Amino acid sequence: MDPQAVEKVQSGFAVLVGRPNTGKSTLINAVIGTKVAITSDTPQTTRHRLRAVVDRDDAQVVLVDTPGLHKPHDALGEELNRSALLSLNDVDVVCFTIDAAQPVGRGDEWVARHVAAADTRRILVVTKADLADAETVQTQIDASRRLVEFDDVVVVSAVEGFNVEGFVESVVRLLPEGPRYFPRDMATDQPLEVMIAEFVREKALRKTRDEVPHAVGVVVDDVYHDERRDLASITATLYVERESQKGILIGKGGEMVAAIGTEARADLERLLGTHVFLDLTVKVKRDWRRDSAQIRRFGYGEGL
C-alpha cells in the first residue's frame, strides 16, 4: 500500500476574507514564496477563489484567497461577494484580514458579522504592519476583538516578510489531523489558462487608471507549446465595455497593449519556464459587468 494514502498530518483549508485591498493576495504570495495571485491597488483585483498549497513534512495548509467583500455596484460585484461568502463554508479556519493603517470601519463590521456566523476557528490577521506603529496596530486589534471572538491574532507585513511564517504556524495549530489534499509539489489549483489570463489582467490594471481597470476582463484563446523551439505561443483577448476604454488600452500606435504584453510575458516565462510569444487583442463587450452570464463565461466569482 502506498504510505502516502494513509499518512496523517495537520491539514485543512484556511480562507482569507476581508475588505478589498487588505493584502490577502500579497500575503498568500509571500507564504508560497512565488507569485500565484495577482496584486494591484485596484479594488476587485481578485476575481477568483484561488487555493494555494503550503506543504510541509508535518502539515499541509490550503490557503483560499477570495475577492474583497464590498458594497456591490453591478452584477460583477454581487458575484464576487457571493463567491467570497460561500468560501466561509466547509473550511477549518477563517482568517479575517484588516489593514493595520486603515481604521476599522463599517465595511469591516459587515465582514465581521459573516465571520462571526461561520462555525469554525478564527484568526485575526493584521496586515501591512510596516505602514503603522505599534499603538495603531493595537488599536486595530482592540476594535476587531469587539466585533468577533478570535482563537488567535497575528500581525504581519507580507512586503517585508515580517511574521509570515508565524501566520502559517498559527493556522497549522488550529487545523485537524487529516490527509494531504493535494500533491506535495502543487503550489496552486488554478488552471493554467486562468493564471495566464490573470497575469495579463494584472498588467492592464497596473498600467491604466480611472474606470478602465474595473472594466477589463481577459480570456485566453489558445496556448500552444512548441517543444522543439522551447516556445509557448499564447493568444489572449482583453475585453472592455466602451470604445473609449479600448482606445486607452491599445494606446497611441499600440504602445499601451504592447507594454502590457511585454510585462506579462516576463511573468509568464517565469511561470511556464519557457520562452513565450504573447499575442494580445482588445475587444469591446458592452456592459459585460452587468451581465451575469458573461461574468460566468469569464470565469469570475463562481464562474469556474
Side-chain angles (χ1 to χ4, degrees), residues 19-22 24-26 35 37-50 65-84 107 190 193-223 233-268 276-304:
R19 289 185 303 161
N21 297 117
T22 54
K24 299 182 294 295
S25 299
T26 303
K35 184 174 182 175
I38 69 169
T39 61
S40 83
D41 294 331
T42 304
Q44 296 186 9
T45 295
T46 301
R47 292 178 176 173
H48 299 275
R49 271 200 290 174
L50 174 148
D65 194 12
T66 62
L69 286 161
H70 63 290
K71 184 177 181 180
H73 299 289
D74 49 37
L76 174 61
E78 292 173 356
E79 181 66 21
L80 297 183
N81 271 4
R82 190 174 79 89
S83 177
Q190 285 280 78
E193 288 79 4
V194 170
M195 295 190 71
I196 292 171
E198 288 293 88
F199 282 11
V200 171
R201 185 168 67 87
E202 178 189 58
K203 305 313 176 188
L205 297 182
R206 293 186 174 189
K207 298 193 75 66
T208 56
R209 297 181 301 171
D210 302 322
E211 178 62 15
V212 176
H214 298 281
V216 175
V218 180
V219 173
V220 173
D221 303 304
D222 186 56
V223 179
S233 295
I234 300 169
T235 57
T237 303
L238 295 88
Y239 288 94
V240 290
E241 295 184 312
R242 304 281 186 272
E243 287 292 339
S244 59
Q245 295 165 347
K246 177 180 177 180
I248 293 171
L249 210 54
I250 292 174
K252 184 178 179 180
E255 290 180 355
M256 178 62 78
V257 72
I260 291 169
T262 296
E263 293 192 12
R265 186 167 61 249
D267 272 357
L268 295 176
V276 169
F277 170 77
L278 179 60
D279 181 21
L280 300 178
T281 303
V282 183
K283 294 182 179 180
V284 174
K285 192 171 288 290
R286 191 165 296 278
D287 295 325
W288 69 261
R289 285 179 294 173
R290 300 183 182 278
D291 182 348
S292 296
Q294 183 58 53
I295 290 166
R296 289 176 176 249
R297 281 194 289 271
F298 279 153
Y300 298 145
E302 296 300 297
L304 291 178

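Not measured: the values here are computed from a predicted model.
- No donor-acceptor pair under 3.5 Å is formed between the side chain of Arg201 and the backbone N or O of Pro213.
- Expressed to the nearest 0.5 Å, how far CD of Glu198 lies from CE of Met195 amounts to 9.5 Å.
- For the pair Thr46/Lys24, no side-chain contact is recorded, criterion being any heavy-atom separation below 4.5 Å from C-beta on.
- In this structure, the side chain of Glu241 engages the main chain of Arg289 through a donor-acceptor pair within 3.5 Å.
- Side chains of Val284 and Tyr239 form no contact here, defined as non-hydrogen atoms less than 4.5 Å apart.
- Between Trp288 and Tyr300, the angle of the ring planes lies from 30° to 60°, which puts this pair in the tilted group.
- Nearest approach of Gly217 to Phe298, heavy atoms of both residues: CA-CE1, 4.4 Å.
- A distance of 11.0 Å separates CG in Asp65 from NE2 in His48, rounded to the nearest 0.5 Å.
- Taking CD of Gln245 as the start and CG of Leu238 as the end, the distance is 12.0 Å to the nearest 0.5 Å.
- Between Arg296 and Glu79, at least one side-chain N (NZ, or NE/NH1/NH2) sits under 4.0 Å from a carboxylate O, which counts as a salt bridge.
- Checked by atom type and distance alone, the side chain of Asn81 pairs as donor or acceptor with a backbone atom of His70 at under 3.5 Å.
- Distance check: Leu76 CG to Gln294 CD gives 11.0 Å after rounding to the nearest 0.5 Å.
- A salt bridge links Asp287 with Arg242; the closest basic N to acidic carboxylate O contact falls under 4.0 Å.
- Taken to the nearest 0.5 Å, the OG1 atom of Thr235 stands 6.5 Å off from the CG atom of Asp279.
- At a threshold of 4.0 Å, the pair Lys35-Glu202 counts as salt-bridged, since one of the basic side-chain nitrogens sits closer than that to a carboxylate oxygen.
- Look at Asp267 and Lys203 and you find a salt bridge, because one of the NZ, NE, NH1 or NH2 atoms lies within 4.0 Å of a carboxylate O, short of that distance.
- Between Lys252 and Glu255 there is no salt bridge, since no side-chain N of the basic residue sits under 4.0 Å from a carboxylate O of the acidic one.
- Judged purely by distance below 3.5 Å, without hydrogens or angles, the side chains of Ser25 and Thr39 never pair a donor atom with an acceptor atom.
- The pair Glu263-Lys207 meets the salt-bridge criterion, with a side-chain N (NZ, NE, NH1 or NH2) lying under 4.0 Å from an Asp/Glu carboxylate O.
- Inter-residue side-chain proximity for Ile196 and Val218 is flagged as unmet; no heavy-atom pair is nearer than 4.5 Å.
- Annotation: the span from Thr281 atom OG1 to Asp221 atom CG amounts to 7.0 Å, rounded to 0.5 Å.
- Within the 4.5 Å cutoff, no side-chain heavy atoms of Asp222 are placed close to those of Ile234.
- Across all their heavy atoms, Asn21 and Ser40 have their closest contact at ND2-O, 3.4 Å.
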